[in-house]
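The structure appears below as structure tokens.
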Amino acid sequence: MEMMAQLPSRISRIVLVGFMGAGKSTVGALLAQHLRWQFLDADRVLEERVGASIAEIFAKDGEAAFRSLESQVIRDLLSRSGLVLALGGGAVETQTVREALQNTQETCVIFLEAPLEVMIARCEHQPGADVRPVLNDRGQLRRRFDSRLPHYRNAHLVIKTESLTAEETSLHIFNAVNSLLKENAPA
Ligand code: S3P
């Protein structure tokens, strides 16, 4: 676990960022159980609000329309406390999302890092691989990954997940956050 940016002095929500297949949703749900917090996946909230799947939104309205909805949903969700929130892999492409992550108080952003090939392989082994429109555009994956990397690395903590199970990753985060909360707690 690598510490990148100064952590907030109090943490009321944890946001997981990283590329498709990083394990954000699986790890997020486990972490929320450890913390006894709520877990939400921003993509699922978006799909419920819009009443359409992400693949349908991409096909009908295009990626720009999806990014705008995604940004709105994430900014709304960042007002909640006691929340572990998993973002879609491309959310950090949008400047308003990046600004909201930086400017929302008491928010700890965690980057789940793994090699691109490992994450693509994980996605391929998941049921419904075809529900990720960005995954189908193979030629662009490396470019997307490279351009997102600096934004992912603006997180407070980076955790390399390649050789960890989702449960191990969630426990690493749980322990790191717990101890940091104690270190930062007022005397
Ligand atoms: C996307 C990742 C997806 C989803 C959408 C676009 C991307 O989320 O938001 O299909 O641009 O990388 P996951 O990272 O949860 O697969």
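As the structure lists them, so they are numbered: ligands from 1, and atoms in each ligand from 1. The analysis underlying the following values was restricted to heavy atoms, covering all of them including side chains, and did not include hydrogens, waters or symmetry mates.
With respect to the salt-bridge test (charged N to carboxylate O, under 4.0 angstrom), the residues Glu93 and Arg144 qualify. Ion pair Arg67/Glu63 flagged as a salt bridge, since at least one NZ, NE, NH1 or NH2 atom sits closer than 4.0 Å to an Asp/Glu carboxylate oxygen. For the pair Glu70 and Arg49, the salt-bridge criterion is not met [side-chain N within less than 4.0 Å of a carboxylate O]. Under the 4.0 Å criterion applied to side-chain N and carboxylate O atoms, Arg142 and Glu117 are assigned as salt-bridge partners.
Side-chain contact between Tyr152 and Glu113 is absent, with no heavy atoms from C-beta onward closer than 4.5 Å.
Heavy atoms of Met119 found under 4.0 angstrom from ligand 1: none, in either backbone or side chain. With a 4.0 Å heavy-atom cut-off, ligand 1 is reached by the side chain of Arg67 but not by its N, CA, C or O. Here Lys24 has side-chain heavy atoms under 4.0 Å from ligand 1, and that is the only part of it that gets that close.
Across Ala42, Ser25, Ala91, Gly90, heavy-atom proximity to atom 1 (C) of ligand 1 is greatest for Gly90.
The atoms of ligand 1 that sit less than 4.0 Å from any heavy atom of Pro133 are 10 (O).
Closest to atom 5 (C) of ligand 1 among all protein heavy atoms lies Ile54 CG2, 3.9 Å. Looking only at protein heavy atoms, the nearest one to atom 12 (O) of ligand 1 is Arg148 NH1, 2.8 Å. Scanning all protein heavy atoms for the shortest distance to atom 9 (O) of ligand 1 gives Asp43 OD2, 2.8 Å. Shortest contact from atom 16 (O) of ligand 1 to any protein heavy atom: Arg132 NE, 2.6 Å.
Ring geometry for Phe145 versus Phe19: interplanar angle over 60°, hence perpendicular rather than tilted (30 to 60°).
Among the atoms of Gly89, some N or O lies under 3.5 angstrom from an N or O of ligand 1.
Within 6.0 Å of CD on Glu168 lie more than 12 heavy atoms contributed by other residues, nucleotides or ligands.
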